[in-house]
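Below is one structure, written out as structure tokens, with a few remarks after it.
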Amino acid sequence: MSKIKKIAIIGTVGVPANYGGFETLAEQLIEELGQHHHITVYCSGKKYPKKDRKQIYKGAELKYLPLDANGIQSIPYDTLSIIHSLFYADVLLILGVAGAWILPFVRWFTNKKIIISIDGIEWKRDKWNFLAKWYLFWAESLAVKYSHIDISDNEAIQDYTAARYGSLSRIIEYGADHTMKVPLSEQTIKKYPFLNRPYAFKVCRIEPENNVHLILEAFASTDKMPLIVVGNWDKSQYGAALKKKYSHPNIHILDPVYDQKKLDELRSNAALYMHGHSAGGTNPSLVEAMYLGLPVLANHVSYNRVTTENKALYFDSKDNLILHINNLYTAKLIKIGDEMKEIAQRRYTWSNIAKKYFLLTEEVLVTQRKSPVWAETSTVAYQKLLQKNLAHLKTN
Amino acid sequence: MNFSNIIILLTAFLLTLLFIPVLRKAAVYFGLVDKPGQRKIHIKPIPLVGGLGIYFAVTLTLAFIWPVHAIILNFKNPFIATTILLIMGVIDDRFDLNALLKLSVQLLLAHYTFMQGIKIESLHGLFGIFDLSGDFQYILTIIIIAGVINAFNLMDGIDGLAGGIGITGFGIFSYLAVLTNQTQLLLIFIALTGALLAFLYFNLSQKQKIFMGDAGSMMIGYILVVSGINLLQNAGTSGDLSIAAAIVVSVLMIPVYDAIRVFKGRMKKGKSPFFADKSHLHHLLLSLGFSHRSITINILILMFSLIVIGYFFLMKNGITWSFFVTIIILIIATNLLQYFQKLNLWKSRIKKMEIHSGQF
């Protein structure tokens, strides 16, 4: 194992984690990597008001920038973090490609090691406008080409980067063991009496990409099981319109629940977890549901299939979804739930995930080039292979 | 705007308005229509009579309308060339001529034009070069004339585009003609503008739509480049000359650069430059989801911006800088669009892969 190195974690909103997948990841990384190396985390001053700011958290140094970590400000946010870290860090662990434009210069003029996570395939998502898509599409190519190691969170994305860039991305997903089964309290049942029967549950951002409208429509046209959806309805017109439309006896629309324990209470007692996401690689909300042993009925896209190892139930249309709902029975649900739990315990625990990151940081410290997806021997002339008695390595 | 200018404009406009409907009916009878095909964008057969209509209207206006008739006699050589080009264009529209044959005719007409005295004599300070030697004049003139004819032909892919560029071009040239005191050219430009306006009325309508065809686009391209060259030849040696030169170049820049870029791209892929693909500027904008109307408007805005920027840099830093800035802007804009097309390509590949788990 190498000497103590300095690692900079760049691109998250910051720690203590309040905001989402990347931030939870950052906090877990501090705990794991912090045992071996010195960690610095860059945080958004906009989300951590001055009076509450910590300078050290769980052994890691915190640095604050007066910028938002998301949206257009993410470009200067990431860029300035990267530049600042060049003065002391050995390894740059960057989450997201907003600052990728500067990576060529880091490669050419410094010997800092770069690990970058390219998230889902961001540039494709409908939420971005023309200029943002163009920038992210370009930035992703720089991120992959100029980093020592690039990470995605799903095998399906690894296929994509192999096809587009010819290089091998690593896969590291997310942990889910920060969630736990919480029994329903009397208070909660009093507030939400519908929790007494088996119910389906969904928690996500209310966006068309997550097919909220489709799932709502399907559950509204069957009375097999009520549906509870937790999300930020009022944030968009899409959400507000749905909220209004589906005041239906079978459907319970709830506003966002920020308290982890409260959310787990509602979620972990569900009979079925609905996952409509069609983009974004491995979704943290899905792995959390799996860890809680919930049976999953998910959108059939490759990302979800990979996350659930093809062992969940999948829908590809509203009719198909209704069919699935109507054909559910307890034994089936229990079996699927157990399989999801098994997968999550095997793959989606933070100690597992953080260890993978640790191994990557160890590897990047000694790495020179990124390996291509084709065999290195394909560039060697066949004659030469024959000469060296290595003809069995011919691949083209 | 004096009296004869207005008469010319109106006459050309009205004559075109009268001729086109007649030509439309005749065209259907003779089969002079554009049948929708794989790479084409429209779905009904459209008469290819724009070129003929404009030709007849402008010729009549300039030959017989008092007080300015007989201009054509002064420009009889380019007029003959235009007529030949139009005839070949109509035959091409009807029977589809071989690309090499068309190119040969264009080169011959370019040669003829040169021999009649219309030639590029000077670079007016571009790269510090002024007067050109005889051989250079010939080569450059031939290439430019044939090139612009073709470039303009290729630009005719969306309703209103070729017509719009033509009107903008002739409109700007009218201003240059006033600037350099070339009254006869001015009247030609005005007549063409009038005819094109009427053409656009039909081109952009739904019920009476027409195209200008290869005949029309080649003819307009030829007139544009040849009148531009002639404009510069007779512009005298005033400071206005460099202005005129910079502006003429800016006017022609988009069709010419687009053609060069597309040819280069096709050859890079190992295909012939005439290989039919969808890589022109308007194709790029189509793949981005723009409507026909907004594409035409946007390209015209780009054209206008290039002219204005070219003029500004000409005044500030001279003709070489003016050329460089405008061409770089055009290159950047086109590259942005091409990159976005690449993005869309990957988007659809990924979509396929998302549905067929893990396969590409």
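All values derive from a computational prediction rather than experimental measurement.
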Using a 6.0 Å cut-off, check whether atom [atom1] of [X] has over 12 heavy atoms from anything other than its own residue.
X: A:I72; atom1: CD1; answer: no
X: A:F130; atom1: CZ; answer: yes
X: A:K127; atom1: NZ; answer: yes
X: B:F263; atom1: CZ; answer: yes
X: B:Y311; atom1: OH; answer: no
X: A:K335; atom1: NZ; answer: no

Q: In sequence, state the C-alpha distance, the side-chain angles, and the governing distance for A:I121 and B:W346, and then conclude on side-chain contact (heavy atoms from CB on, under 4.5 Å).
A: CA-CA 11 Å; A:I121 308 179; B:W346 272 106; over 6 Å; no

Q: Under 4.5 Å heavy-atom distance to chain A, tell me which part of B:L288 shows up: side chain, backbone, both or neither.
A: side chain

Q | B:K351, part contacting chain A, at a heavy-atom distance under 4.5 Å | A | neither

Q. Is any side-chain heavy atom of A:K124 less than 4.5 Å from a side-chain heavy atom of B:L343?
A. no

**Q.** Rounded distance [0.5 Å steps], CZ in A:R164 versus CG in B:L345
**A.** 11.0 Å

Q.
Quick check: under 4.5 Å, non-hydrogen atoms only, which of residues 319-330 of chain B neighbour chain A?
A. none

Q: With a 4.5 angstrom heavy-atom cut-off, could you sort out which part of A:Y303 is near chain B: side chain, backbone, both or neither?
A: side chain

To check you understand the geometry: which heavy-atom pair defines the closest contact between [X] and [Y], and what is its length?
X: B:M353; Y: A:D159; answer: CE-CB, 4.3 Å
X: A:W123; Y: B:K347; answer: CH2-N, 3.8 Å
X: B:Y339; Y: A:S141; answer: OH-OG, 3.8 Å

Can you list, pair by pair, the side-chain donor-acceptor contacts under 3.5 Å of residues 147-170 of chain B, counting residues two or more places apart and other chains?
from	atom 1	to	atom 2	distance (Å)
B:N150	ND2	B:Q106	OE1	2.6
B:N150	ND2	B:A146	O	3.2
B:N153	ND2	B:D214	OD1	2.7
B:N153	ND2	B:S217	OG	2.8
B:D159	OD2	B:K209	NZ	2.6
B:T168	OG1	B:G164	O	2.7

